[in-house]
Amino acid sequence: MPFRHIESQRLYQRVAEQIVAIIRKGELAVGDRLPPERDLSVKLGVSRPTVREAMIALELAGFVDVRTGAGTYVVSSGPTNYSVVRALADAGPGPLELIEARLMIEPQVAACASRSIAPVQVKRLRALVDAMAVAATSDERRQCDRDFHVLIAQATGNGVIAATVDELWSNMFTPIFERLGQMTGLVSKIEAETHEQHEAVLAAIADGDPRSAEAAMRAHLENVKKVLSGAAHQSEPLRSPEAIA
């Protein structure tokens, strides 16, 4: 008996498939503007940020053109046998799911690190925070940022935790995260705030204060989530994927 490949879909992929289905039914033609994000979120039964992720994924796959301040327009319906899932396979995990995962893990990691970090690791964290402040490019700054968070995880002495945090960060360099970051102005909006937040995380860890380290890391990641969610428009409760219609 031949086995069939089982595909695991992310929520934004399922939303994207629904939107392509609407286009292919002729309800939207090439050149048409899609309904506003708010309307689509109600019709599809998902949060507005999830709709935003779906739109970005569709843009990366060549189905739509997302024009900042002007809306989203259909540019192609693709061949009828074109798999949307395959087209979106390399887009990466949903950015907001990724930040939620980091919120579940990294505050506790920071608390644990504050109990076991070595003086030499504190010095390395200090050097990374200073390097972020003077980085010449966004790529340099982001690499320092990644190294900062991974080093905190390494300070726990748990290799699995360190590898997990590093893997979470690797997904922050995927096409869908990059595009959402551009659209929301993630770097430009929170650069100064991020520096202050990193300083707070470093100070708490260096002081050996688990409670403050956890709170500082949580505040930092909540701020990132707020920007990616569109500031004033926080996620509404999600329905299950089966509720999308």
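Computed from a predicted structure; not experimentally measured.
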Can you tell me which residue pairs pass the ring pair (Phe, Tyr, Trp, His ring centres under 6.0 Å) test with a partner in [range], sequence neighbours excluded?
range: residues 14-37; answer: none
range: residues 103-146; answer: none
range: residues 98-136; answer: none

Got a sec, which residues hit salt bridge (charged side-chain N to carboxylate O under 4.0 Å, His left out) with Asp65, two or more places apart in sequence or on another chain?
->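 For Asp65 the salt bridge (charged side-chain N to carboxylate O under 4.0 Å, His left out) partners, ignoring immediate neighbours, are Arg67.
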
With sequence neighbours excluded, residues passing salt bridge (charged side-chain N to carboxylate O under 4.0 Å, His left out) with Glu167 |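 Not a single residue meets the salt bridge (charged side-chain N to carboxylate O under 4.0 Å, His left out) criterion with Glu167.
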
Report the residues that fulfil side chain to side chain contact (heavy atoms under 4.5 Å, CB included) with [X], sequence neighbours left out, ordered by chain and then residue number.
X: Ala200; result: Ala216
X: Arg146; result: Gln143, Val150, Asp166, Trp169, Ser170, Phe173
X: Asp32; result: Leu28, Ala29
X: Ala131; result: Cys144

Dump the intermediate steps for side-chain contact (heavy atoms from CB on, under 4.5 Å) on Asn171 and Phe177, then the final yes or no.
-> CA-CA 8 Å; Asn171 285 313; Phe177 200 102; over 6 Å; no

Given the rule in the side-chain contact (heavy atoms from CB on, under 4.5 Å) test, do Phe63 and Val74 qualify, once you have shown the distances and angles that lead to the verdict?
-> CA-CA 6 Å; Phe63 288 99; Val74 179; over 6 Å; no

Where [X] and [Y] come nearest, the two heavy atoms and their spacing:
X: Met55; Y: Val66; value: O-CG2, 3.9 Å
X: Ala57; Y: Tyr12; value: CB-CE1, 3.5 Å
X: Val122; Y: Leu202; value: O-CD1, 4.2 Å

With sequence neighbours excluded, give me every salt bridge (charged side-chain N to carboxylate O under 4.0 Å, His left out) pair touching residues 105-125.
->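 Every salt bridge (charged side-chain N to carboxylate O under 4.0 Å, His left out) pair that includes a residue of residues 105-125, provided the two are not neighbours, is Arg102-Glu106.
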
Can we say Arg179 and Glu53 salt-bridge, meaning some charged N sits less than 4.0 Å from an Asp/Glu carboxylate O?
->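 No.
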
Thinking salt bridges, do Asp130 and Arg126 make one under a 4.0 Å N-O criterion?
->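 Yes, this pair counts.
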
Parallel, tilted or perpendicular: rings of His220 and His149 (30°, 60°) =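 Rings of His149 and His220: parallel, under 30°.
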
Residue pairs passing the side-chain hydrogen bond (donor to acceptor under 3.5 Å, both in side chains) test where at least one lies in residues 150-162, sequence neighbours excluded |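 Sorted pair list comes back empty.
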
Stepwise side-chain contact (heavy atoms from CB on, under 4.5 Å) test for Leu34 and Tyr73 = CA-CA 6 Å; Leu34 272 70; Tyr73 294 81; 5.9 Å; no

Could you walk me through whether Asp145 and His198 pass the side-chain contact (heavy atoms from CB on, under 4.5 Å) check?
-> CA-CA 9 Å; Asp145 199 349; His198 283 155; 3.1 Å; yes

Reported CD1-to-CE distance for the pair Ile105 and Met217, which is rounded to 0.5 angstrom =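 Ile105 atom CD1 to Met217 atom CE measures 11.5 Å (nearest 0.5 Å).
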
Using a 3.5 Å cut-off and no angle test, enumerate the donor-acceptor pairs between side-chain atoms of residues 107-114 and protein atoms at least two apart in sequence or in another chain.
| unit_1 | atom_1 | unit_2 | atom_2 | d |
| --- | --- | --- | --- | --- |
| Gln108 | NE2 | Glu214 | OE2 | 3.0 |
| Ser114 | OG | Ala111 | O | 2.6 |

